[in-house]
Structure formats: C-alpha cells, structure tokens
Amino acid sequence: MSTFLKTDSKMRYTLGVVYAPDEVDSQGDFSPAEEIEKACHGFMRSLQGKKIKKGALGFMHKDWSDDIGDIVECFIAPIDMTIGDAEIKKGTWLLGAVWSEDIFQKIEDGEITGYSMGGSGTREKVDEVAKSDDEPSRFAQAMHEAITSRLSSEGR
C-alpha cells in the first residue's frame, strides 16, 4: 500500500500511487514499468463502456459498495516527476479518486493511507539483479516471460 500524495478535503479527493516500477511492495513483490502499464490499461479497459461503480473502488479488498467513491484520474507517469515531496518514477501507475463522505473521513482519520492494487499474478523466484543500467534484470526478463506465457495460455 502506498501513501496518498495529495488530498483535498473540500473535494474529498486523493491522488496516490497504485504501483511503482521495480519497488518491492508489502507482499515482497515487484514489477517492471511495462507490466504495470499493461495492468493499468487492462483495468481501464474493463471499466469502459460499462455503467460500473461496483468493483472499481473498494475498501480494504472487502467492501465493493457502489457508494465508496469514483475514479477521476488514472494514468501512467510519462516522465520522472515530483508531486509534493515525492519523487515519482516514469512508469508509475497513479490514480485520483473522489470519495464518499464516510470513506474520506476514514482517510482523514488515518484508517486509509493509500491505494492497494487487487489482482493476481504468477510469482517467480528472482536471484539475480541487473549488473548495469543497460542490462535488463533477470526479474524483468522473468516477469515478461511469465506474463506473456500466462496471457498466451488464456488466449489473449
């Protein structure tokens, strides 16, 4: 889970990182920018053309009520940037939401501190890292192969 980068109490708005490239998350996993971008685009495609609220924003991966809030921004950082005091890497998935009064109160109370991406994936043990910036990491290669293989097996 990441910390919100920006909040606006009057609008009940938050902006935060959904997933940043090559940073280990709270489950000990990480992903390259290319795969994060695919996940972000897939998420937005799943919402297009549907009158969906339910499932788009949830609370603690349990409550998917229609009145939790609305996604108002969802994008991949096109460049390295700074938001407030936070350094954001190119390829980071960012999301902005406007929340219900009840949920925003939980944000102000510190009960909710950021976004947590739901989903599933295939884990692969990684025991080597890149030796230089020009050489792709074993992780990036393994992630690409695993995701490509999974998508192929699902007929995508």
Side-chain angles (χ1 to χ4, degrees), residues 1-123 126 129-130 133 136-137 139-140 142-144 146-148 150-151 156:
M1 186 179 298
S2 61
T3 303
F4 290 123
L5 303 171
K6 181 179 176 184
T7 60
D8 182 320
S9 297
K10 185 175 180 181
M11 294 178 61
R12 299 188 319 268
Y13 167 84
T14 58
L15 175 67
V17 171
V18 175
Y19 215 89
D22 303 316
E23 290 184 14
V24 178
D25 66 18
S26 59
Q27 285 78 39
D29 300 321
F30 57 99
S31 186
E34 297 82 14
E35 299 307 325
I36 294 168
E37 183 173 41
K38 286 179 191 177
C40 175
H41 292 174
F43 172 71
M44 291 308 294
R45 280 189 192 104
S46 73
L47 299 179
Q48 291 177 8
K50 300 176 184 177
K51 292 186 177 184
I52 290 180
K53 282 189 175 182
K54 188 172 186 173
L57 283 174
F59 176 62
M60 305 303 284
H61 299 274
K62 295 177 188 170
D63 181 0
W64 300 99
S65 304
D66 286 345
D67 60 351
I68 287 176
D70 296 305
I71 296 169
V72 295
E73 298 173 300
C74 186
F75 63 99
I76 298 295
I79 58 172
D80 290 338
M81 62 178 77
T82 303
I83 299 176
D85 294 334
E87 297 295 322
I88 307 299
K89 292 182 197 175
K90 178 181 178 180
T92 297
W93 180 357
L94 295 131
L95 187 126
V98 174
W99 300 93
S100 68
E101 288 182 31
D102 292 344
I103 297 296
F104 196 78
Q105 186 61 53
K106 293 176 190 287
I107 292 167
E108 288 188 320
D109 292 345
E111 187 176 338
I112 301 172
T113 58
Y115 298 119
S116 177
M117 180 178 68
S120 62
T122 303
R123 284 194 171 120
V126 177
V129 295
D133 289 341
S137 71
F139 165 76
M143 281 296 295
H144 176 73
I147 290 170
T148 302
R150 176 148 184 167
L151 292 175
R156 293 186 191 176

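- Qualifying side-chain contact (heavy atoms from CB on, under 4.5 Å) partners for Asp102, counting only residues two or more places apart in sequence or in other chains: Ser100.
- Across all non-hydrogen atoms, the minimal contact from Pro32 to Asp22 is CA-OD1, 3.6 Å.
- Summarising the geometry of Cys40 relative to Ile76, their closest heavy-atom pair is CB-CD1, 3.7 Å, with the distance given to 0.1 Å.
- Separation of atoms CZ (Arg12) and CD1 (Ile107) is listed at 10.0 Å; rounding is to 0.5 Å.
- To the nearest 0.5 angstrom, Lys89 atom NZ is 14.0 Å from Met81 atom CE.
- The local environment of CE in Met11 is sparse, with at most 12 non-hydrogen atoms from other residues, nucleotides or ligands closer than 6.0 Å.
- Between Tyr115 and Phe4, the ring planes are perpendicular. Angles over 60° get that label, and only those under 30° would be called parallel.
- What you find for Ile88 and Ala77 is that their closest heavy atoms are CG2-CB, 4.0 Å.
- Applying the salt bridge (Lys or Arg N to Asp or Glu O under 4.0 Å) test to Lys6 and every residue at least two apart in sequence or in another chain returns nothing.
- Side-chain contact annotation: Glu73 with Tyr13, donor-acceptor N/O pair under 3.5 Å present.
- Atoms CD1 and CE, on Ile71 and Met44 in that order, are 6.0 Å from each other to the nearest 0.5 Å.
- Side-chain contact check for Trp99 versus Thr7: every heavy-atom pair is 4.5 Å or farther apart.
- For the residue pair Leu95 and Cys74, the shortest heavy atom distance occurs at CD1-SG, 4.0 Å.
- For the atom pair Trp93 CH2 and His41 NE2, the distance stands at 9.5 Å (nearest 0.5 Å).
- No side-chain heavy atom of Phe104 sits under 4.5 Å from any side-chain heavy atom of Val98.
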Determine whether Val17 and Leu94 satisfy the following criterion, side-chain contact (heavy atoms from CB on, under 4.5 Å), listing intermediate values before the conclusion.
CA-CA 5 Å; Val17 171; Leu94 295 131; 4.0 Å; yes
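- Considering every non-hydrogen atom in both Phe75 and Leu15, the closest pair reads CE2-CD1, 4.4 Å.
- What you find for Pro21 and Ala33 is that their closest heavy atoms are CB-N, 3.6 Å.
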